[in-house]
Each structure stands twice: as C-alpha cells, then as structure tokens.
S.K.: 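First the structure, then my questions, so here it is.
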Amino acid sequence: MAKASPQVKLPSPIKVLTKMLNKEVVARLKGGVAVKGVLTAYDGCMNLVLDNAAELDKSGEPLTRYGRIVVRGSQVIYISAVEVAP
Amino acid sequence: MAKASPQVKLPSPIKVLTKMLNKEVVARLKGGVAVKGVLTAYDGCMNLVLDNAAELDKSGEPLTRYGRIVVRGSQVIYISAVEVAP
Amino acid sequence: MAKASPQVKLPSPIKVLTKMLNKEVVARLKGGVAVKGVLTAYDGCMNLVLDNAAELDKSGEPLTRYGRIVVRGSQVIYISAVEVAP
Amino acid sequence: MAKASPQVKLPSPIKVLTKMLNKEVVARLKGGVAVKGVLTAYDGCMNLVLDNAAELDKSGEPLTRYGRIVVRGSQVIYISAVEVAP
Amino acid sequence: MAKASPQVKLPSPIKVLTKMLNKEVVARLKGGVAVKGVLTAYDGCMNLVLDNAAELDKSGEPLTRYGRIVVRGSQVIYISAVEVAP
Amino acid sequence: MAKASPQVKLPSPIKVLTKMLNKEVVARLKGGVAVKGVLTAYDGCMNLVLDNAAELDKSGEPLTRYGRIVVRGSQVIYISAVEVAP
Amino acid sequence: MAKASPQVKLPSPIKVLTKMLNKEVVARLKGGVAVKGVLTAYDGCMNLVLDNAAELDKSGEPLTRYGRIVVRGSQVIYISAVEVAP
C-alpha cells in the first residue's frame, strides 16, 4: 500500500525542540489555553520555560503578560516556532 | 463465533507511521484541535514533528500556519495520510 | 449471592481483536469521534491501524475518508465488528 | 468513630467480574456512553468483551447493535449485572 | 506558620474504607455520575463492589437499580458512608 | 534574570499536609466539586479522609453532609486550611 | 531548516521554579481554576505550596482567600511569577 521507507535514523521529536531554543514559540495547551514566549528550557516530558511570556486570547493577541512561565508538559498539545524557518 | 485467524506477524501500529514519513498527514488531537503538515519525525509515544504545518478549522481549512510544530503524543486521537494510498 | 463460576481460562480482550483483523470495524473514540475501517494492525495498548478508513458523523455516515489511519489506543472507548457474527 | 471490622479476606473487585461472566451486563463508559451485552471476557484493566452488544441511548434503549465489542478498561465507569442477583 | 504536629502514625485513607464495609455508601464518580450501595469489596485502586446498588439522579434519588455493580477506582471522586458514624 | 536562590532544603508539599491534620480543610476537586471537613488522614497520592464532611455548593455553603468521606487523590485540585494561619 | 543550536546544558524546567520561591506566583490549573500566592515549596511533580493564597476570578481578582493551599501538580497548566523579572 505504500513503498517501504528507507530506515533513516529519525531525530526524536523532543530533540527537535532544541532548534526552537531562544526563539519565540506558541504552545497550545489543554483547556483552550495558548501561551507565547521565548523558549529557554525544556525537558523530556515537554515541561517548558518561556520568557517574556503571555497568555493569548482566541485571536492570538496577548491577554496577560508574564516575565516567565513554567508550563507542565502533560498539558501541552503542540509547540510551534512563531516564525517560519528559512 | 468467528474462525480463528492465522497468527500472522502483525506490523506494530507505531511502525506503520514510517510509511507516512515525508508525506502530508492530518492529526486529530484532543480538545477539538486538528493539524496538518509533513510528518518528519515521530517516536513511540506518537510525539510528532510536522513541517509546513497548519492548525485546521472545523471544515479542514488552514486557520493558522506554522513552519514546524511538535505535537505531544498523549494528545493525538488519530493520524492519517491525506492522500488515499494507491 | 451468585454461584461460583467454573474457573475456565478466558481469552484476553486484547487477543479477541485478532478475530476482527481484516474486517471492517467501528471504533468509538474520546471527544465524540467515531471512525470506521478495515483493521489491519493493533497492539497491546489498543493502538489500531484502519485501512479504507473514514471518520463518521453522529448518524454513522462517513464524514471524511482516509486511505489509512493510525488510532492511539488511549483514545479508544470501544471497538466493534460492523457485521453481526453469525 | 466506627468499630473495627473483622479483617476478613475480601474478594478482589476484579474477581467479582467472574460472577458476571456469560450474563448480560450494562457498562457505563466515559463520555456519556453506555453499552450492554453478554460478558464473555475481561482482564485486570477491566478491558471487556461483550457479545450481542448494543450501545444504549439515555433511556437505556438499544441505539446501535453490534455482534461483539471490545471495551477499553480505562473508559469504564462501572459495570453491572442487568438482573438483580437472586 | 503552624505548630509542628506530633508525628502520629496515620491510618491509610484506603484502609479507612474497611470501616465502610457492609454499610451503605455513596460514591461520587466522574462525569457527573453518583451511585449508592452496600460496599462489599474494594482494593488499593479504590475499585469498589456495591450490592443493592443504584445510580442516583441529581437530587440523590435512585434512577436505575442494579443487583451489584463494580466501580472502576480511577473514576471515583469520593466515597462516603451514608449514615453519620455514631 | 533572577538571582540564584540559596539551596535551602524545602519541605515536601505532601508533608505540608501534616500541618492541616485535625483542622477543617476545603478541597477543590475535579468536575466542579468542592468538599469541606476535618482532615484525619492522607497519603502520598493525596488520598484524603475528611470527617464531619460536606459537599459544598458554588457559594461555599454545605449541600450534602456526610459523617466521613474518602477522597481519591487523583481528583484533588487543591487543599486549603479554612482558617487563615495566624 | 534551522541551524544546529550549541548543546548548552539547559536548566531543568522544574529547577527554574527555585527562582520563584518566596515570590508571588499565579498558577493556572485545570477546570478553569487559577490561584495566586507566595510559593513556599514544590516538588518534582509540580505539587505546590502557596501561602497567603487566593483563588482568582476570570479577571484575576481574588475570589476566596486562604492561609495556605497545597496544589496537586497533575492539575497545573502553568506557573508564573507575577512580577516581570528585572
């Protein structure tokens, strides 16, 4: 049904977060919450530290600003780099 | 009630994701969220990396575009290849 | 209050899925999602691979068709064979 | 506040399911779903196999009939024998 | 801020359930479900067996009666003895 | 961004519950449920035993009174001492 | 797609909480609950102890005041320092 893919060594999704370090990211969290900030630390559970952070409203505008937030990995739906990588 | 199936060796559902690598996939996530993008990495928890990604609205149209997203496996409901396999 | 049942060796519920292999199944998932397709693989977490799959609407009609979907076991409520066993 | 109970050896709740084998049971599941059927297998996670099964509507009437369903234990709220034990 | 409590040996909350054995209890479960019945077995996960059981409506009145139900511990919010202990 | 904190030995949050023993506490639980009672036992999962307990309505008034309740730790959002510590 | 980041040793997100000790923090919890207080203890599960605590309403104003609350880590969405770090 699909051709066998060559068994290249894949990067781990968690390690891909390394490329987002010190960049502004948006994280979609459970409970309809979204936050934005500069990713300064993470771990294997996807716990995140975001600096210059803000919680966003539905249209993506900052709702509440924070110096720094620690996000619990179990609440993360997805994390994205804000800018399209060149 | 049903005839015994021959005990063929089944591929693991996680390994089947290999065949979706470098293809566009749609992932249905918890909280009514759906995302689309090219699957470039995954792991055994179904953590996913999607490139040229977008969050989709209810009708499947792109709502927000991202260069790359990392999706937490625990939030995945299902993943599908966009195109029907030939 | 009830007579002791003879201690027959029960089949494991996971193994019963073997009898649904290569048959069309419906899977009820969390978040009000239901999918249909031919079961081609599963594992002990109830991760499933469905071919010729479709997401169903409330009345059970196909809403979106997919060549193949990988369903995360933790999201499954129940799985059923579509046809009544003879 | 209460007199000490004699330390009788209790049956495990999981083992009590043995007494429901080959009887019709109702299982209340997460997400407002209820199913009915003859319990033909279960395991220590409360994964269940129900034969001659049906999903029930709010008033307990059959909504969709299935030959056999496999229910994921983690979605079970409670299981009951339909008939009152004599 | 508070005086140090003497380090008395506390009973385990699970063991406290022993004192509710063979008494009528109410269990509040997830999903807005409440059940009532005589507690005849439990285990360390708070899986419960209730005899002469009933699901209760919002005002605490019996909605559906069952001979016996097995409740999955992971769905329990709290369990209480119906009568105030003397 | 912040000065390094001296690495004082912190009390474990679970151990802090010791200071609430034999005092009236309020526990906010999942599903919009709140309960009140005298904390007489707890364990490392935050399973709680509350005596002279009551479930509270939205305004904090007792809705249903119980002699004793056992609360499942996994359902606890937070626990607080009712009175402000002097 | 992105230049390799130098493999600097990252602080663990949990350890970053140390910098919030004895400061006022806001914690967003599941179920739409938010609390505020001085962080006096935490552990590796993100269980938190907040002193001079309050539950907040939607606009961030104190709704109910408590001397001390113990928050269950599994319910935490994110924790933030109230003041912007200088």
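Reminder, nothing fancy here: chain letters follow the sequence lines and each chain counts from 1.
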S.K.: Decide yes or no for G/V33 and F/Y78: does some side-chain heavy atom of the first lie under 4.5 Å from some side-chain heavy atom of the second?
M.R.: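 Yes; the side chains approach each other to less than 4.5 Å.
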S.K.: With a 4.5 angstrom heavy-atom cut-off, is it the side chain or the backbone of G/T40 that approaches chain F, or both, or neither?
M.R.: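 Contact with chain F: backbone only.
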S.K.: Quick check for you: among F/V16, F/V26, F/V25, which has the greatest number of heavy-atom pairs under 4.5 Å with chain G?
M.R.: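 The residue among F/V16, F/V26, F/V25 with the greatest pair count is F/V16.
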S.K.: Atom CZ of G/R68 and atom CG of F/L17: how far apart are they, to the nearest 0.5 Å?
M.R.: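 So the gap between those two atoms works out to 10.0 Å.
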S.K.: Can you tell which part of G/V76 gets under 4.5 Å to a heavy atom of chain F, answering side chain, backbone, both or neither?
M.R.: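 When you check distances to chain F, no heavy atom of G/V76 falls under 4.5 Å.
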S.K.: For the CE atom of F/M46 and the OG atom of G/S74, what is their distance to the nearest 0.5 Å?
M.R.: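 The distance works out to 8.0 Å.
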S.K.: Any idea which heavy atoms bring F/A81 and G/Y66 closest together, and the distance?
M.R.: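 Taking F/A81 first and G/Y66 second, the nearest heavy atoms are O-CD2, 4.0 Å.
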S.K.: Most heavy-atom pairs under 4.5 angstrom with chain F, which of G/V70, G/L29, G/V71, G/N47?
M.R.: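 That would be G/V70.
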S.K.: To the nearest 0.5 Å, what is the distance between NZ (F/K30) and CD (G/Q75)?
M.R.: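 The NZ atom of F/K30 sits 5.0 Å away from the CD atom of G/Q75.
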S.K.: Where the side chain of G/R72 meets the backbone of F/G73, is there a donor-acceptor pair that is under 3.5 Å apart?
M.R.: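 Yes; at least one donor-acceptor contact below 3.5 Å.
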